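Naming convention: chains lettered A, B, ... in sequence-line order (proteins, then strands); numbering from 1 in each chain. Predicted model, so just to flag it, every value in this text is computed and none were measured.
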There are 2 protein chains.
Amino acid sequence: MDRTAVHRPAVSVDRTSPVPLYFQVAQQLEAAIRDGGLPPGSRLENEILLADRYGLSRPTIRQAIQHLVDKGLLVRKRGVGTQVVQAQVRRSIELTSLYDDLLASGRSPSTRVLELGTLPADDEVARELDVAPGTEVLRLRRLRLTGDEPLALLTNYLPVDLVALTAEDLAARGLYEMLRTAGVNLRIANQTIGARGATAIEARLLDERRGVPLLTMTRVAYDDKGRPVEYGCHVYRASRYSFALTLVER
Amino acid sequence: MDRTAVHRPAVSVDRTSPVPLYFQVAQQLEAAIRDGGLPPGSRLENEILLADRYGLSRPTIRQAIQHLVDKGLLVRKRGVGTQVVQAQVRRSIELTSLYDDLLASGRSPSTRVLELGTLPADDEVARELDVAPGTEVLRLRRLRLTGDEPLALLTNYLPVDLVALTAEDLAARGLYEMLRTAGVNLRIANQTIGARGATAIEARLLDERRGVPLLTMTRVAYDDKGRPVEYGCHVYRASRYSFALTLVER
DNA sequence: AAGTGGTCTAGACCACCGA
DNA sequence: CGGTGGTCTAGACCACTTG
């Protein structure tokens, strides 16, 4: 009987809550995993027992477990059972902005707005934003800092009629947060991550020397109607920034 | 009635097939999307009608649709319906090796094995592979080329007893394919993507000059039991390689 | 008000795994 | 062989969006 222990965390669901039952279950299991009640490698009870314990149906329990499998916290194997993953799962790259990322990691970001105005779209911008070349688009250039240290140079293009932006807002909040507030629901983004040497202008703004390696990220984000809403070309000081992501095999 | 058209692709499922019904439906819908039968922005019929059309239950149809939503091909909105995403979805980074990536994109990769042997793990390798410092581990260094052009320098560390590797095999197949064949099921990987300048050795091997920007990727991959099975430190010529990924908001 | 997807149930049978 | 997750059904009620 010296197998991997099966744990039984305390459980309860509130059927009057607007929070879906499967989500309540998932939250409780995730909390148990994160606080050690369900240590890495431990096995969950099978789905039938869990359903009985929570007073829910098996499909609902399955939905909760699937949610955590998608998040990379659990692993299921037919004929075997469900186990807590041993590997530490890091936050994956999500549809958030650098500003959000820095806030979440406890650092204090600041922003200097270098430019905020409209100009005719060149061919590349027009293609990515799906407008005719020459159409007026908004261009936004910002320098992101932590403390006094420049971290990244952010250039964004947006359709002019999408949202009203002011430099003051942008200095205090992230672009993505402002878009969400304006009712723009971001759904999909295509990103490309690469590297290149700094141009003279980039070097000056980022307090580096010309030619130092920079990490680049270009991104086109689309809203829930599939319209492109933002095209960004960002460069990061490689000495102070990297992308971390967790991949989960389905 | 000049709304977004609702399309009705031809449908059929084979109930004698071992392929799950929801997966057959998902495949047919995906094919219709990719070949233009379901153009970007078009609306699917509602779930009830689709279930009737396929002769399946609604949960099964929902499972198929959810599969494509996860892939970023469809978007669902309550009270509205299901639409084909307008944005082009690129292949996201998955648990595959560079070798697989190159094969899939139609280029002809080749590999030169520079080193294949064991050595005592230093502190960093020991920490990532979860072994005691000084434990013998396998080190593998390879140069990846397309045609005659060096593309990347790959350094991997693996537990010694995991799989028997030969230089010949590694020259012909990707590491991940060999691991899968050996019964190692990769489930989770933590990756970090960054950039730095090339060292003199890297520059010589990659046919670049010292200090040129390189894209770096370090990865720890875990199998389905949560054991670390591979620690890789790879550098790519930024002039010839970048990472593309598609993010989908859930 | 009508139509949509979101959630939930209580069963059922099957495929795979390990002893 | 028994136990596990994988798939599937035929309903039900609800929340949200749009006209």
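Side-chain proximity of V80(B) to dA10(D), dC8(C), dT18(D): nearest is dT18(D). Taking only side-chain atoms of Q63(A), from C-beta outward, the nucleotide of dC8(D), dG6(D), dT7(C) with the closest atom is dT7(C). Side chain of R78(A), nearest nucleotide from dT7(C), dC8(D), dG5(D): dG5(D).
Protein atom NZ of K77(A) is 12 Å distant from nucleotide atom P of dG6(D), rounded to whole Å. Across the protein-nucleic acid pair, I61(A) atom CD1 and dG11(C) atom C1' stand 16 Å apart, rounded to whole Å. Rounded to an integer number of Å, the gap from N46(B) CG to dT17(D) C1' is 14 Å. If you take CG of L44(A) and C1' of dG5(D), they are 13 Å apart, rounded to a whole angstrom. Separating the NE2 atom of H67(B) from the C1' atom of dT7(D) is a distance of 14 Å, rounded to the nearest angstrom. Between the CZ atom of R58(A) and the P atom of dT4(D) there is a distance of 10 Å, given to the nearest Å. A straight line from CG of L74(A) to C1' of dG5(D) spans 13 Å, rounded to a whole angstrom. In this structure, R76(A) atom CZ and dT4(D) atom P are separated by 14 Å, rounded to whole Å.
Here the closest heavy-atom approach between residue L21(B) and residue V13(B) is recorded as CD2-CB, 4.4 Å.
An OP1 or OP2 oxygen of dG5(C) is reached within less than 4.0 angstrom by no side-chain nitrogen or oxygen of R43(B). At dT7(D), one or more side-chain N or O atoms of Y22(B) fall inside 4.0 Å of OP1 or OP2 (strictly under the cut-off). For the OP1/OP2 pair of dG11(C) and a distance below 4.0 Å, the side-chain nitrogens and oxygens of S57(A) include no atom meeting the criterion. Taking side-chain N and O atoms only, T82(A) has a distance below 4.0 Å to OP1 or OP2 of dG5(D).
Residues L38(A) and I33(A) are in side-chain contact: their nearest non-hydrogen atoms beyond the backbone lie under 4.5 Å apart.
Between the side chain of E47(B) and the main chain of I61(B), no donor-acceptor pair closer than 3.5 Å is present. Formation of a donor-acceptor pair under 3.5 Å by the E30(A) side chain with backbone atoms of L68(A) is not found in this model. Checking side-chain atoms of Q24(B) against main-chain N and O of V19(B) turns up a donor-acceptor pair under 3.5 Å.
A residue-by-residue look at L49(B) and T60(A) shows that L49(B) has its nearest nucleotide of DNA chain C further toward the 5' end. Heavy-atom nearest nucleotides on DNA chain D were determined for P59(A) and for G81(A), and the one closer to the 5' end corresponds to G81(A).
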